[in-house]
Undergrad: 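The structure is given below, and queries will be raised subsequently.
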4 protein chains.
Amino acid sequence: MPAHPASRTPARIQGESGEAKVKRKGGALVDLAEQQEQRRGRPRSEAVERAIIDGVVALVEEGVPLAEVSIERVARTAGVGKATIYRRWSGREELFCDVLRAVEPEDPQLTGASMREDLIALLESMRLRGLANRSSALLHNVYAQMKSQPKVWAVYRATVIEPRRRLSLEVLRRGVENGEIRDDVDLELVNDLFTGPMLVRSVMRPDDAELEAGLPEQIVDSVLRGLRP
Amino acid sequence: MPAHPASRTPARIQGESGEAKVKRKGGALVDLAEQQEQRRGRPRSEAVERAIIDGVVALVEEGVPLAEVSIERVARTAGVGKATIYRRWSGREELFCDVLRAVEPEDPQLTGASMREDLIALLESMRLRGLANRSSALLHNVYAQMKSQPKVWAVYRATVIEPRRRLSLEVLRRGVENGEIRDDVDLELVNDLFTGPMLVRSVMRPDDAELEAGLPEQIVDSVLRGLRP
Amino acid sequence: MPAHPASRTPARIQGESGEAKVKRKGGALVDLAEQQEQRRGRPRSEAVERAIIDGVVALVEEGVPLAEVSIERVARTAGVGKATIYRRWSGREELFCDVLRAVEPEDPQLTGASMREDLIALLESMRLRGLANRSSALLHNVYAQMKSQPKVWAVYRATVIEPRRRLSLEVLRRGVENGEIRDDVDLELVNDLFTGPMLVRSVMRPDDAELEAGLPEQIVDSVLRGLRP
Amino acid sequence: MPAHPASRTPARIQGESGEAKVKRKGGALVDLAEQQEQRRGRPRSEAVERAIIDGVVALVEEGVPLAEVSIERVARTAGVGKATIYRRWSGREELFCDVLRAVEPEDPQLTGASMREDLIALLESMRLRGLANRSSALLHNVYAQMKSQPKVWAVYRATVIEPRRRLSLEVLRRGVENGEIRDDVDLELVNDLFTGPMLVRSVMRPDDAELEAGLPEQIVDSVLRGLRP
DNA sequence: GCCTAACCGAGACGGTACGTCACGTCTTTTA
DNA sequence: TAAAAGACGTGACGTACCGTCTCGGTTAGGC
């Protein structure tokens, strides 16, 4: 799964977008490659890959500060050689990036019944993510750490944040078509009006107080009031 | 100015709020202290303190990733012994925290003319801070770094974020009294409705596109529309 | 070769005496051990070990005072990481101890023709060692250094001094049997009567003047005169 | 008493021999000097000087390895500022040198009755010194330390060893005149025949066993037997 | 059923940075 | 001006990781 230059993992077919994943698959050509230049020698163990990522998750969940999660320590925890890690990822950054993807919750399922309901569902998924962060301490840490590592941050944005933003904009577009909100607004701005307050609570002040269950509804309704046609 | 346990900076007398700033001198009370419990031995050089902080700023502005800003390197850059740094700060975290405070822009001056104008001024100062971050690469990095270090993050919140939040809430309170917004709203929530969108732009997506000059006004007006009595 | 607790050098079969060397070998059992608990991971490089010891010797021969031969400097000189040194020796003391053994000259070859000749040969080897010390400045320094470090001094005595003392006593014993000296003497004392004067010259006053070639003969004959039956 | 360039101890007048002792005052002449070129400002406290040297002695007697007797530690122990030490000695070496002189036992009193008795008295003083060393742990350590510091070693030899060697040679010279030993011998060599064995016991093997009381007599008689006319 | 290439664990290797300590110099107040 | 205090630049200490590199020992195909 990593984008490491040394990566030679055979090929695991998959979705359609993910930038990094792209490097290792891609349809018929890959199948061809698989047949032609099938990797020789002992194939890499998927169990090892899981053990490594699980090791990082375990460490962070035990409360180890992310800064102290060294490759060396991950190797010890996972009972794995350092080289085995470097064979898959080029360094901490890349590894953490994959760890992050591994724990990232699924996209919320939208009913499409109304824009308001979908927006609340979106914000609710953010709220739950915030709660998960707080309880597991994982995302909250990895997230913060990432920002100091621009490369990883870019990947994260492209693979996690942007898709959700597009999803959110789509919901708003339907809201305009349905007449749920005026049509003379900048949807990008409107999107931020909804997600911004939620983020402030779940990321910037995650321990302010329990993220109350009703918060998404409150935000959506407060903002919507100013957007009605 | 650091909170290092070894800190023996003379003046301890202080005003009423700022925990860290407190440790520094400031007026007649301090002179008194100087006479009374004058520190013995050679006093610490303020020039050295400035040189160290300026060294960090210089490194970051040259584009050095914050992760590579080691104490050792700071010492070399500032032409200072490592021990001199550790005398003042207990480690990277504490140092960066003070660096951050050193570059933190001043609180915005509020006219008090109307709640709307004050809110726009507040958001405008956030926008400028975002721009500064992006151009200097400093705050953006230090900020991210801090979040992965809970201790520093806590200090930063207490000394920088919270005061501004209180300022912001005060503005809103006056808005309720003036009748600029309804009086049946949760001011904490309303505050997030204003600052959230601005933060999303300036912190989470600082390079999305230039932070347009009109953004604060747009946000304030959009949100206000739903809050009028 | 070091006795460092962290030492895990596999096992190098060898001679019969050296106390420290003993710790790492020992005949058939070792061969067994090699098969059974073959050291895992990359084996330590003997070339590196030599480079380190040679580095120390080179420094001392250049005239660097032993007090300035820091581990850090040895590492630089030998082109080696500090950890590589600490992996083998627990500190300066242990390292110097092995350096000393490395430069310690071989035991003299005794003809056994007569006690007098053997005694002269023993003293001659001490004289040459004294010369070597003076010209290379090495033993003279390491020797002095050692004495201030009881642990190393004890090892040195056990592995270098004692064996020679036993050798010397054996020579004297044969002298008694041959009738070359009286049989009512304390051999320990007699031994000191021979070696003491030589040591005073070669160790205590190494720069007094060249150690003349005839000195051993003079000492042996002068002392022997009082010991004849 | 130190030879430190910064030394400003008043009294420069001096006796006739001891180079180091010279620097200190000694009677009326000094008083005169004090009046004439009275040092300006606060005079140095002799109590401080004693406190420093006593501090070193105390540390060593407590069993602190000489290598850990840092200037910093001496200053703490003696309750004295570092600068106060550096004002008097240029560094560890010089300080230790004076410490050594402070604990060096007095020259033995020779009766002059016979060469044999005087030689035994000389060796007896060496024996006692050896015992003292062992019990106090001081000389034994300082002695060893010194040898690794050529400058101090030179001073020690000049002020302590040489005078005794001259004394010893003088005794032998009288022995030749008295007819107690032959007159065709190299006195330097003969001297070593007596002192060498004693040194081997008291310095090289100080803990071999108690230095028996009769040892000096045994050595002298054994060696003398071969030197009689 | 071998052969062989790649994987795997372990850990040595040359480095860099850590945080502490002592060096010898300096700068301050106090006496 | 000495003395105590302690800040200062320097640099060694011993430890921890970095990312690379051997080692002996597995696993898989492909012959």
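Side-chain atoms are counted along with the backbone in the values below, which use heavy atoms only and exclude waters and symmetry mates. In what follows, chains carry the letters A, B, and so on, assigned in the order in which the sequence lines appear, proteins first and then strands, with residues in each chain numbered from 1.
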Undergrad: Over how many whole Å does the gap from C/I71 atom CD1 to E/dG15 atom P extend?
TA: 16 Å
Undergrad: On the nucleotide E/dC8, are OP1 or OP2 found under 4.0 Å from the side-chain N or O atoms that A/R87 carries?
TA: yes
Undergrad: Tell me: CG of A/L95 to P of F/dC18, nearest whole Å?
TA: 11 Å
Undergrad: Quick one: closest heavy-atom pair of B/A75 and B/G81, and the distance?
TA: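 Shortest heavy-atom separation between B/A75 and B/G81 comes out as CB-C, 4.3 Å.
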Undergrad: Using whole Å, report how far CD of A/E68 lies from P of E/dC18.
TA: 14 Å
Undergrad: In residues 75-83 of chain C, what residues come within less than 4.0 Å of DNA chain F, judged by heavy atoms?
TA: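 The answer is C/R76, C/K82.
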Undergrad: Does any N or O donor sit under 3.5 Å from an N or O acceptor when you compare the side chain of B/R40 with the base of E/dT29?
TA: no
Undergrad: Please confirm whether the shortest side-chain N or O distance from C/R73 to OP1 or OP2 of F/dC13 is below 4.0 Å.
TA: no
Undergrad: Does A/T84 have a side-chain nitrogen or oxygen under 4.0 Å from the phosphate oxygens OP1 or OP2 of E/dG9?
TA: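 Yes.
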Undergrad: Between F/dA12, F/dG19, E/dC23, spot the one nearest the side chain of D/S70, thanks.
TA: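 So the nucleotide nearest the side chain must be E/dC23.
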Undergrad: For E/dC7, does the base pair up with any side-chain atom of A/R44 as donor and acceptor (N or O, under 3.5 Å, distance only)?
TA: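 It does not, because no donor-acceptor pair links the side chain of A/R44 to the base of E/dC7 below 3.5 Å.
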Undergrad: How long is the gap from CD1 on A/I53 to CD1 on A/I85, to the nearest 0.5 Å?
TA: 10.5 Å
Undergrad: How long is the straight-line distance from CG of A/D98 back to CD of A/E93, given to the nearest 0.5 Å?
TA: 12.5 Å
Undergrad: Taking atom types as they are modelled, is there a donor-acceptor pair under 3.5 Å from the base of F/dC23 to the side chain of C/R42?
TA: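 Between F/dC23 and C/R42, which were checked side chain against base, a qualifying N/O pair under 3.5 Å is absent.
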Undergrad: If I take atom CD in residue A/E94 and atom P in nucleotide F/dG19, what distance separates them, rounded to the nearest angstrom?
TA: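 Going from CD in A/E94 over to P in F/dG19 covers 11 Å.
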Undergrad: In whole angstrom, what separates A/R92's CZ from F/dG19's C1'?
TA: 13 Å
Undergrad: Which distance, rounded to the nearest 0.5 Å, do you find between the OG of D/S70 and the NZ of D/K82?
TA: 9.0 Å
Undergrad: As a test of reading the structure: which of F/dC23, F/dA28, F/dC18 is closest to the side chain of A/Y86, going by heavy atoms?
TA: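 Nearest nucleotide to the side chain: F/dC18.
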Undergrad: Would you mind reading off the distance between C/E72 atom CD and F/dA12 atom P, rounded to a whole angstrom?
TA: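 Roughly 5 Å, once rounded to whole Å.
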Undergrad: Looking only at atom types and distance, does a side-chain atom of B/R44 sit under 3.5 Å from a main-chain N or O of B/T84, one as donor and one as acceptor?
TA: no
Undergrad: Donor-acceptor check, side chain of A/T77 to backbone of A/R73, threshold 3.5 angstrom: yes or no?
TA: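 Side chain of A/T77 to backbone of A/R73, a donor-acceptor pair under 3.5 Å: yes, one is there.
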Undergrad: Output the rounded distance in Å from CD1 (B/I85) to P (F/dT10).
TA: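 Answer to the nearest Å: 12 Å.
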Undergrad: Kindly compute the distance separating CZ (C/R88) from CD1 (C/I52), expressed to the nearest 0.5 Å.
TA: 5.5 Å
Undergrad: Rounded to the nearest angstrom, tell me the gap between atom CD in D/E49 and atom P in F/dA4.
TA: 12 Å
Undergrad: If the cut-off is 4.0 Å, is D/R88 near the phosphate of F/dA3, judged by side-chain N/O to OP1 or OP2?
TA: yes
